K.L.:
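Okay, handing you the structure first.
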Amino acid sequence: MRQLPLFLKKKMVHISEREEQLPDQVIEKLIELMVEHPDVLSLGPGEPDFALPKPLIAEVKRLSNQVNHYSPAGGIRELREAICKKVRRDNHIKTSPDNIVVTCGAQEALLLSAACTLDVSEQILLPNPGFMGFLPCFELFDAGIGYYRLNEGNSFVPDPDEIRKQVDPKKTKVILLNSPANPTGSVISKKILEEIADIAVEFDLSIFSDEAYEKIVYDDAKHVSIASLNGLQDRVFTCQSFSKSFAMCGFRLGYVVAPEGFAGAIKKTHIYTSICAPTISQKLGIKALSLSSNYTRAMVREYDERRKVIVKRLNTMGLSTPNPKGAFYTFSNISHINKSSKQFAFDLLKKQRVAVIPGIDFGSEGEGFIRCSFARKLPVIEKALDRIEKFVF
Ligand SMILES: Cc1ncc(COP(=O)(O)O)c(C=O)c1O
């Protein structure tokens with residue numbers, strides 16, 4: 001092989017601009033610190049703290065010597081049939097197994113939906129603040145990113161007028177919705193979804209509906225899938241997950257319910273990214289969908305107990321915190337304390353050994369807020385709250 005001069009070689013081996021531009025997350029540094037310093041109490045985790053339901057543990061053992069092969073790219077037929085039954089029953093989405101693609105979590109479901117719908121510079125509107133996984137996922141495809149603001153006064157529920165204002169009829173192609181939401185815990189009502197649906201129809205837009213927390217709702221909140229609304233099914237990509245409902249984050253299992261005719265395109269990219277979701281996870285998914293809903297309900301009951309404690313205590317210490325209607329996060333206003341959210345998180349960690357996530361990690365509108373997860377055992381939450389109280393007083 002011809003030897004290249006050294007200065008050329010240096011230029012050739014480099015990190016792509018695309019990768020360079022992906023945001024650095026404070027969360028990564030916090031996780032590192034937590035692992036290195038076990039005395040730190042973390043309210044950072046974005047995953048259930050529960051063990052896998054017992055019947056699933058037994059199933060993993062049973063499956064272990066029969067899952068060493070690839071699965072079909074779109075997912076094992078039996079699993080797609082079980083998912084279809086579930087989304088028809090629970091989400092009222094009239095679909096068929098052929099429109100379902102099994103993915104490595106809801107994150108890959110979003111990524112694959114983007115790959116097959118968004119051309120370069122076509123715009124997707126994201127919630128701000130919104131889950132930190134959204135922006136990089138769409139930037140990877142050089143999509144144009146736009147935002148619609150969520151605000152505290154509105155309990156962080158999207159305002160259809162704000163969405164309409166942000167739609168650029170020439171550029172916007174997709175609106176992303178996330179309900180129940182990370183990091184705010186807001187849940188979008190059927191009425192608001194209907195208004196957003198009207199906007200999507202008026203401007204001929206697709207909707208990516210991230211419903212990873214669909215089963216984790218409280219009080220009178222009801223999860224409604226926007227794809228169940230009349231006439232919406234042919235423009236909605238519903239992205240769901242086994243991670244939160246069954247405490248299966250590590251199995252990396254989710255799916256997208258796509259409009260008729262899109263599953264083939266989604267499968268194509270899937271083959272080039274991961275080939276298929278892990279076979280063991282898919283088989284476990286079949287078992288998970290056959291379980292009684294009591295397993296998930298028991299988790300939600302426990303989250304709810306913790307939610308009541310954490311919301312009350314944070315408000316009592318002067319950190320205004322709306323009651324989350326879903327998911328397992330509180331989003332508290334710290335703007336009266338003279339620190340950026342990043343500074344707040346790092347000082348809290350240094351002085352009181354408690355980890356929380358700075359709101360700025362969820363977008364510019366998250367500045368002035370911190371996210372606390374209550375996917376931790378109650379005694380840990382209570383001890384962390386004692387320390388936060390010392391820090392803010
Ligand atoms: C809103 C939201 N969407 C998607 C994901 C990714 O979930 P999964 O484990 O299914 O990829 C998360 C993970 O925390 C999330 O909070």
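Whatever order the structure lists them in is the order used to number ligands and atoms, beginning at 1. Keep in mind the model is a prediction, meaning the values are calculated, not measured.
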K.L.:
Are F331 and F156 an aromatic pair by the rule of ring centers under 6.0 Å?
P.N.:
yes
K.L.:
Can you find a heavy atom in the side chain of N128 that is under 4.5 Å from one in the side chain of S364?
P.N.:
yes
K.L.:
Nearest protein heavy atom to atom 12 (C) of ligand 1, by residue and atom, and its distance?
P.N.:
F131 CZ, 3.4 Å
K.L.:
For atom 10 (O) of ligand 1, which candidate among P127, G133, S241 holds the nearest heavy atom?
P.N.:
S241
K.L.:
Mind checking whether F391 and F344 have parallel, tilted or perpendicular rings, split at 30° and 60°?
P.N.:
perpendicular
K.L.:
Do any N or O atoms from the side chain of Q21 and from the backbone of R18 form a donor-acceptor pair under 3.5 angstrom?
P.N.:
no
K.L.:
For ligand 1, indicate whether the residue N178 contacts it via side chain, backbone, both or neither (heavy-atom separation under 4.0 Å).
P.N.:
side chain
K.L.:
What protein heavy atom sits nearest atom 14 (O) of ligand 1, and how far off is it?
P.N.:
K244 NZ, 2.8 Å
K.L.:
Given the rule in the side chain to side chain contact (heavy atoms under 4.5 Å, CB included) test, do L125 and Q123 qualify, once you have shown the distances and angles that lead to the verdict?
P.N.:
CA-CA 7 Å; L125 290 181; Q123 189 187 55; 3.8 Å; yes
K.L.:
Quick one: does Q240 get a heavy atom under 4.0 Å from ligand 1?
P.N.:
no
K.L.:
Can you tell me if Q282 uses its side chain to pair, donor with acceptor, with the backbone of I76 under 3.5 Å?
P.N.:
yes
K.L.:
Using the salt bridge (charged side-chain N to carboxylate O under 4.0 Å, His left out) rule, pick out the option among D386, D39, D347 that qualifies with R353.
P.N.:
D39
K.L.:
Under 3.5 Å, is there a donor-acceptor pair between the side chain of T296 and the main chain of S245?
P.N.:
yes
K.L.:
May I ask you to list the atoms of ligand 1 that are less than 4.0 angstrom from any heavy atom of R252?
P.N.:
8 (P), 9 (O), 11 (O)
K.L.:
Counting heavy atoms only, which of L253, L176, N182, D210 is nearest atom 4 (C) of ligand 1?
P.N.:
D210
K.L.:
For ligand 1, which is the ligand I care about here, please tell me if Q107 has any N or O atom under 3.5 Å from one of the ligand's N or O atoms.
P.N.:
yes
K.L.:
Considering both backbone and side-chain atoms of S243, is one of its nitrogen or oxygen atoms within less than 3.5 Å of a nitrogen or oxygen in ligand 1?
P.N.:
yes
K.L.:
Find all atoms of ligand 1 within a distance of less than 4.0 Å from any non-hydrogen atom belonging to Y213, and give their numbers and elements.
P.N.:
1 (C), 2 (C), 14 (O), 15 (C), 16 (O)
K.L.:
Going by the order shown, which atoms of ligand 1 are within less than 4.0 Å of some heavy atom of G105?
P.N.:
8 (P), 10 (O), 11 (O)
